[in-house]
Amino acid sequence: NKALVVAATGSGKTYLAAFDARNFDAKKVLFIVHRDTILKEAMKTFAKVFGQRITYGLFLSGIRQIDCDFLFSTNITMSKNLDLFNKDEFDYLVIDEVHHAVADTYQKIIEYFTPQFTLGLTATPERMDNESVFDLFEKNVPYELRLRDALENDLIVPFKYYGINDKLVDYSETDARLLISQIADDLHVEFIKKNIEKYRPLGKLKAIGFCRSIEHAKLMMEKMNNFGYHTTYLIGKNDTGERLKAFSDLQDDLNRLEIIFTVDLLNEGIDIPSINMVMFLRPTESSTIFIQQLGRGLRKYEGKDYLTVLDFIGNSYTRSVQIAIAMGS
């Protein structure tokens, strides 16, 4: 009555869930994830699979479309409003990005509802805190499609990875402010620019740059704008509308926006399929985060032959082990 599916980012997890719910002949579906931007895309996917014979609704802060067949909600909103629903309200429960499900808000939802079937979806089930996502599903993993498998089956675009030996920054520096000052130094920003231009894909640059902190993201935006690029930065306080506009501008060939700098906001749950470059501008010790961030650019898109990955890995190549881990996953 429960299963965990592990599938690489961009390979079609939401479609898999929708098709399985249809095969199950689900009458009432609850789809849970932690970001509202994911919910809206998921609702569109389910509508493509089930059509208009089903009614769909969002249950978010300020939006209560609960009189419907299929409901899409965040863990925060749902966990605070469980009393509005019967325990057996839904016969099919989907928990997306289920590596977050060890959190209390998810646990309340899982313990409250009694669906006939629960499906968990994730690209990265292994957690750094040793909490087990597998145990939540009684170690039942009927399907697993890791990054290498997705590439071999042509479900995602291939990528060109460049581990750039960056001698201008001491990435072992523990003082965050000092490290950021090195990364955002004019000489280093010029070094970043040279590498962007060296490996720049054809057509409009559509890049995501992952930074160490909010301060770092803001500095990168300012410095890169000074070097002639058109960039912006997104952080947690940006609302959904601001984020969606930035995503749309980046994908629009007629819009001048070329790079979005961010911290961990875009690790998962965004759909910008035309991204053609991902830049790691800070140390990335977690293989889970590395795979999530790499995955942002792996979705297929018309005219996109590959993703360019620039990893500024510091004075030694010890950090480049992350790409080996990713390919082994």
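When a residue number appears, it is its place in the shown sequence, counting from 1. These numbers come from a predicted model, not from an experiment.
Here the side chains of Lys206 and Leu257 are not in contact, with every heavy-atom distance at 4.5 Å or above. At least one side-chain heavy atom of Phe261 sits less than 4.5 Å from a side-chain heavy atom of Ile259. Glu258 is listed as a side-chain neighbour of Arg200, based on a closest heavy-atom distance under 4.5 Å. Looking at heavy atoms from C-beta onward, Asp186 lies out of side-chain contact with Asn226 at the 4.5 angstrom threshold. Leu168 is listed as a side-chain neighbour of Leu187, based on a closest heavy-atom distance under 4.5 Å. A heavy-atom distance below 4.5 Å is found between the side chains of Met78 and Ile32. Looking at Tyr143 and Val141, their side chains never come closer than 4.5 Å, going by heavy atoms from C-beta outward. Two residues are said to be in side-chain contact when any heavy atoms from C-beta on lie closer than 4.5 Å; Arg22 and Phe50 meet this criterion.
Within a 6.0 Å sphere centred on NZ of Lys300, heavy atoms belonging to other residues, nucleotides or ligands number more than 12. Counting non-hydrogen atoms of neighbouring residues, nucleotides and ligands closer than 6.0 angstrom, the NZ atom of Lys2 exceeds 12 such neighbours. Other residues, nucleotides and ligands place no more than 12 heavy atoms under 6.0 Å from the CG atom of Asp104. When the shell of 6.0 Å around CG of Asp135 is examined, it contains more than 12 heavy atoms from other residues, nucleotides or ligands.
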**Item:** ring-ring contact (aromatic ring centres under 6.0 Å, His included) evaluation trace for Phe59 with Phe85
**Value:** CA-CA 12 Å; Phe59 185 38; Phe85 304 91; 5.7 Å; yes
**Request:** Apply side-chain contact (heavy atoms from CB on, under 4.5 Å) to the pair Tyr161 and Thr308, showing each step before the final yes or no.
**Result:** CA-CA 6 Å; Tyr161 173 88; Thr308 299; over 6 Å; no
**Request:** Begin with the C-alpha distance, continue with both residues' side-chain angles, and end with the deciding distance and a verdict on ring-ring contact (aromatic ring centres under 6.0 Å, His included) for Phe72 and Phe31.
**Result:** CA-CA 5 Å; Phe72 298 78; Phe31 189 103; 5.6 Å; yes
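By the 4.0 Å N-to-carboxylate-O rule, Arg177 lies close enough to Glu215 to be salt-bridged with it. Between Asp36 and Lys40, none of the side-chain N atoms (NZ, or NE/NH1/NH2) sits under 4.0 Å from a carboxylate O, so this pair counts as no salt bridge.
With ring centers used as reference points, Phe90 lies under 6.0 Å from Phe113. A ring-centre distance under 6.0 Å is found for Tyr199 and Tyr162. Note: Phe280 and Phe312 fail the aromatic proximity criterion, with ring centroids not under 6.0 Å apart. Taking the six-membered ring wherever Trp is involved, the centroid distance between the rings of Phe70 and Tyr92 does not fall below 6.0 Å.
A side chain to side chain contact (heavy atoms under 4.5 Å, CB included) with Ile183 is found for one member of Val169, Leu178, Val189, Leu219 and no other, namely Val169. Applying side chain to side chain contact (heavy atoms under 4.5 Å, CB included) to Arg64 and the options Leu71, Leu84, Leu58 leaves one that passes, Leu84.
Taking the centre and axis of the six-membered ring of Phe134, the NZ or CZ atom of Lys139 falls outside the cone set by 45° and 6.0 Å.
Judged purely by distance below 3.5 Å, without hydrogens or angles, the side chains of Thr114 and Asp88 never pair a donor atom with an acceptor atom. With hydrogens and angles left out, the side-chain atoms of His34 and Asp96 include no donor and acceptor closer than 3.5 Å.
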